[in-house]
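These notes are about the structure you will find just below.
This chain uses plain numbering: 1 for the first residue, then up along the sequence. Keep in mind that this is a model prediction, so the values were computed, not measured. No hydrogens, no waters, no symmetry mates; every other heavy atom, side chains included, goes into these values. As the structure lists them, so they are numbered: ligands from 1, and atoms in each ligand from 1.
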Amino acid sequence: MSTRRPVGSHTPTSGGLARAALPYVDATGSQVVQVYVANSRGWALPAGDPAQDALFADGCATRGVPVYIHASLLVNLGSPTPATVEKSTQTLAHALRRGRAIGARGVVFHAGSAVDAGYAETALRQVRESLLPLLDETTASGGPLLLVEPSAGGGRSLASRVEHLGPYLDAVDRHPGLGVCFDTCHAWAAGHDLAAEGGMTATLDTLVATVGADRLKLIHANDSKDLCGSTRDRHENIGKGSIGEPAFAELMAHPATAGIPVVVETPSDRHEGHATDIATLTRLHP
Ligand SMILES: [Zn+2]
């Protein structure tokens, strides 16, 4: 496997998947692309436009740009509200179907939260019941992986610190269809001191010790507007926030990130913020 870490951005799609996203990929210099396939703050499950799907998949393949989907931010498999768990499961099934249609490698979803005190054990059982059928199906069909992303913490998160991924993966018997997406802003918010010298390296070491060698599949590189441990999830441009550029140099040099795509989800006025962040991370690449 190549050790090159392709860098790209979360990419807008309004106006058509191919029509909107491909020019954005070119304008930002993205070598990897992440998109929503539904409203990020809604439950609607729109059918794709087959013509746009094909143009987008072909355009990304031609450019050698791997594709990832971010599922709706409302997804919470740990919710004590049954209707939320049901809609979350359907949303992930939809994202996997859409992922197969556009050749996506992975579908990212947030680890979720138990919301109520004392609900964590039940919540992880729900995670198991919802995910196992989806994981079996997508693995059998050669479809995208599901990628769990630890959250910023607070609200009885099921996984925010990287050590919490151990019980989460255990809940699905460490199924090979479930990978991990590591978000730097979330880890910082959850209390990992990435800004200390060696802090990013130590956090990634702990991640690998917890999840194993081949489980990390995607990185969200985001600086933060807030302090370490704040549990707040406000992304900032790379090197402009409280995490700072040296931590991202450690990220881009860590052996665990070799060959793993890196996506920025940072503020961007049109495409300029993303283009700058992609250039910064590429410059930090050893
Ligand atoms: Zn993220």
Quick check against the 3.5 Å criterion: does Glu149 have a side-chain atom that pairs as donor or acceptor with the backbone of Phe109?
no
Minimum side-chain heavy-atom gap Glu245-Asp223 below 4.5 Å
no
Please answer: with hydrophobic residues joined when any side-chain heavy atoms are less than 4.5 Å apart, are Leu218 and Leu204 in the same cluster?
no
State, with a plain yes or no, whether a side-chain heavy atom of Val25 is found less than 4.5 Å away from one of Arg63.
yes
So, with waters excluded, how many protein N/O/S atoms does the Zn ion (ligand 1) have closer than 2.8 Å?
4
Between His10 and His235, is the ring centre distance below 6.0 Å?
no
State which residues pass salt bridge (Lys or Arg N to Asp or Glu O under 4.0 Å) with Asp53; sequence neighbours excluded, sorted by chain then number.
Arg98
